[in-house]
Structures are given as C-alpha cells and as structure tokens.
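No hydrogens, no waters, no symmetry mates; every other heavy atom, side chains included, goes into these values. In listed order, ligands and their atoms are each counted from 1. Only a predicted model underlies this, so the values are computations on that prediction, with no experimental measurement involved. Along the sequence shown, the residues carry numbers beginning at 1.
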Amino acid sequence: MISFQTKAQFNKDAAVILLTKSQIEKKKFNFSNAKIQNAVLDLAKNKTFCGDKDSIFPLTNEKKLVLLVGVDESKDANLTSLRITIKKALSSSYLKNAKTIELIPQVNDEPSIQALIEGIMIGAYKWKKYIKADEKEIKLKQIIIATPNKPAYQKTIEICDGVNFTRDLVNDNADVITSEYFEKTIKSLIKGKKNIALKILNTKELSAQGCGLHLAVNKGSDKEPKLIIVKYAGGKKSEPYTALVGKGLTFDSGGLNLKPTGHMETMRCDMSGAAAVVGTLKNVLKLNIKKNLVFVCGMAENAIGSCSYKPGDVFVGYAGKSVEIGNTDAEGRLVLADTIAYTVKNYKPATLIDIATLTGAVAVGLGFDFSGLLSNDQKLADALLKSSQETDDRIWQLPLYVEIRDAIKSNYADLRNSSNIKGGGAITGAEFLRNFIGDTKSWAHLDIAGSAFVEGTSRMYYGYGGTGAGVRLLTHYLINN
Ligand code: BES
Ligand code: ZN
Ligand code: ZN
C-alpha cells in the first residue's frame, strides 16, 4: 500500500503536496514540474491558498489532480497534528477516484515520515466487513511517498500492520472472535516459526490446575474458556523472559450485575488486551525481535445463564487465594488473577506486563487518549513512558500504594473483586492484580479501557472501533529494552 520514490514525478492519478504557511509566504518551494511551480506561485501571490492548517486546495495538471494541503507549524504543531492532517487529506472527496497517489511531504526527517506512514495506515483503517463499498471511504490506495526509502520505514509499516491486525480482532462480532478463534489465529501466526511452543488450557486443564477464578467468570457461557500461552525463545538462553499478559473477555455483559444499555454495546472490545498481545506477537515474529518472551491470553466470556457466577459467592484461584464476588462485572481481574499467577509460577518471567480493558474508572480519570499505567518498578514504568512518547501510543502513570489494600478486603474471603470505596477504581483494580504477581519485581499494568475503542466517529487519527492501543507501545518497548 505504501512505497517510496526519491523525487516527485507528478505522473500518478493524484499528487498531494504538504505546505506550511511560511513556505507559502516566503515562496519556499521548488517543484520539478514548471506548470505546478507557477500555479502554486500564483496561488501564493494572490493569497488564494495560504497553507492554513488542514486547508485543502485542488489543482489540475494535465488531467491529473494536485492537492495542496496546509500543514500546521504553530507552537501547537507536532507529529500528531501531521498524522491527523494526512488522514484528513487522504479522506478528502477529491481523492475518491485516485488509485495511486504521490505524496510530496517536503520534509525528509525520519520521525516526520514515520508519522506520515502512521497517519496513512492507522488513519486510513476502516472496519468495513459489514458495509457495502461506500463512496466516502478511503479505498485501498497505492501511496507513493516522495522520499528515499529507509529500513526504519518498512519497520513502521510492519508495526502498523500489527496495529490493524489487532483492530480487526476487536471490531468483529463477539460470537465470531471467540476463544476458539483466538486459538486458530495464534496457531496460524506461529506456524512454521522457530523457537516457539504453544500451550493451551481448556476447561478440563483449567480445572485440574485450580483456576477457579477464571472458570467462575465463564460459568454463564457455553463457550470454552482458554488460557493460551506462546513461549518464544528468540533471545539467548541466559537472558530472562518478559511476559505479556492480555485480558481476553470476548464479551462482557457484566454478568448478573448486568451492564445497562449504553454500556454494553461496545463490550466485544473487552478482549482488546489479548488482541494487543496477539498483534505484538505478530510484530515480534515479523520483525524478528530477538528476545525471550511469553505471550499469554486469558480468554473467557462474561455471559448470563442459570449457571452464571453470583454476587456474594466465593471462589478460590490458582494462587490459592479466595475471592468474594462483590460484583460480577469486575470479571477481568478474576481471569487475570489466574492468568498472571499461572504465568508467574510456570514461566518465572523477570518482567510481566499485563494489558487489559479493566476499569471504566480509568477513562473517568484520563479520558480516552491515554491508557493508565501502574507499576511496582519505576524503571520499567519509565521505559514504557519513553516508548509511549516515541510511538504516540499514549499512557499516563497512576499511583500504586499499599494503604489502598483495605479497599479490597472481604469479611469472609482473602480478597474482594470490587472496592468498598467510591473513587480510584483503576488503582484498586491494579491493587487487586498485585496480589497475584508473586515475587515478580518488575510488573506493569496497562489499563486500556478508555483507549482501546472509539465509540463516536473519530478520535485523533483513529476512526470508529478498535484502536490497537498497546501494540505500538509494546513492540517499541521490546525492540528497545
Ligand atoms: N470491561 C469492563 C471495563 C470497561 C469499561 C472496558 C468501559 C471498556 C469500556 C470491566 O470488566 C468492568 O466492567 N469494570 C467495572 C468494575 C467495577 C464493577 C468494580 C467498572 O469499571 O465499572
Ligand atoms: Zn466487567
Ligand atoms: Zn470486562
């Protein structure tokens, strides 16, 4: 979909030229095509096109379209405004019928080109399995960027593919993307790859292992709960393992503490953590990242039936701790408790990062553009924050502290899955998980409940649906740490 050529040629269906206000004012542009050069000079002289942020001006040159696009250069301008600008430009109806588009960025620095690639690939993504070809959508286009190709750009393209792979998993119906589907997807990703071992625990094995919390959540469902583990020995034998653990609730109805209308419609996204783990696995294999890794997906469905687990019940999990069910809608932490405890005991990772659509509270605190980060190791937190800044996969740190433990105490079990206090739901959720990390010194929890899914029509450069939150972040973290 994206390729590169050293210089602009103006021989494709359309050319998109990015221009800033000061470039126009100072007439600082020099196009190889004289007609285009003169046309833009005229527009600049007459102030017909001033290069204002996101402004779009169409020209024709020998029956081909040339689209001038204004790029922000104010003090608010950053790489994200560039991502948004290119997404908007490519969605313009002028380009509706253009199949091959030449993009003339007029900048050649690596971060800007990478941001453009992300704006194109992540911005152009649309979930369209269930709609007829619609005129407004960005159809599959060939985009040729007029800049010398670099290996770093291929990497960005691969990573964006991983992001969109995750989004496809998130967007389809809950009854399509089941735990079985995850198993099949993972099997096809790892087929023929070296140094990889797959382990799957179904109901029978989960119950033999004592994963009573994971099983409790799935009691109302006729689908198979699954713990899916991919062990990848990509690094040296002596190097420690890092585990990535994802919450994979293929649907979260809330259980008997049923979610109300307005809160349930998007709950097929409750497997976004597991989907991000799978997208990262795809990237690791594609980019041949040489690390020792464990990819773990805790899969279940929080459905309603006569067998559903019930508020007030107590269940004992893999770690031997009993949990009072304060609320059947706080199911993710139950599945993760067993998933994390099993991973820690059996794989002994030096670092464990879990990623989960865990709490609505995280979106109350941070909104929808940031995932919550909570960690018992500031070094790990700092490394993740750095990756976040470099990838625009945004996270923000929230505190973990021992005193909050009182909030998840039970009168008749070791723990309670819901909090006795009103505020700080994202923190009490993380504190609950902390009970299951054993002596893992380096653990981080990413709460992506706000960032994983766009409910409206768009947010930044993301359209409706799954955003692939966490994939760029985790891939970057694994490459650089
Ligand atoms: N899956 C939800 C969290 C969620 C909310 C994800 C919005 C995506 C968007 C989670 O299982 C949940 O329902 N959490 C409860 C916990 C509470 C009952 C302690 C919540 O956040 O209200
Ligand atoms: Zn829930
Ligand atoms: Zn949930």
Exercise. Should the pair Lys231 and Tyr347 be classed as cation-pi, given the thresholds of under 6.0 Å to the six-membered ring centre and 45° from the axis?
Worked result: no
For this session: Could you tell me if the ring centre of Tyr464 sits under 6.0 Å from that of Phe453?
Result: yes
For this session: Identify, chain by chain and in numerical order, each protein residue with a heavy atom under 4.0 Å from an atom of ligand 1.
Result: Lys247, Asp252, Lys259, Met267, Asp270, Asn327, Asp329, Ala330, Glu331, Arg333, Thr357, Leu358, Thr359, Gly360, Ala449
Exercise. For the residue pair Asp338 and His214, what are the closest heavy atoms and their distance?
Worked result: OD2-N, 2.9 Å
Exercise. Using 4.0 Å as the upper bound for N to carboxylate O, is an ion pair formed by Asp354 and Lys247?
Worked result: no
Exercise. Quick check: are there more than 12 heavy atoms from other residues, nucleotides or ligands sitting under 6.0 Å from CD of Gln389?
Worked result: no
Problem set entry | Environment of the Zn ion (ligand 3) in terms of protein N/O/S atoms, cut-off under 2.8 Å | Lys247 NZ, Asp252 OD2, Asp270 OD2, Glu331 OE2
Exercise. Would you call Arg394 and Asp392 a salt bridge, taking side-chain N to carboxylate O under 4.0 Å as the test?
Worked result: yes
Exercise. Is there a donor in the side chain of Glu390 and an acceptor in the side chain of Gln114, or the other way round, less than 3.5 Å apart?
Worked result: no
Exercise. Quick one: is the NZ or CZ of Lys219 closer than 6.0 Å to the six-membered ring centre of Tyr309, and within 45° of its axis?
Worked result: no
Exercise. Could you walk me through whether Phe436 and Tyr318 pass the ring pair (Phe, Tyr, Trp, His ring centres under 6.0 Å) check?
Worked result: CA-CA 9 Å; Phe436 299 92; Tyr318 183 81; over 10 Å; no
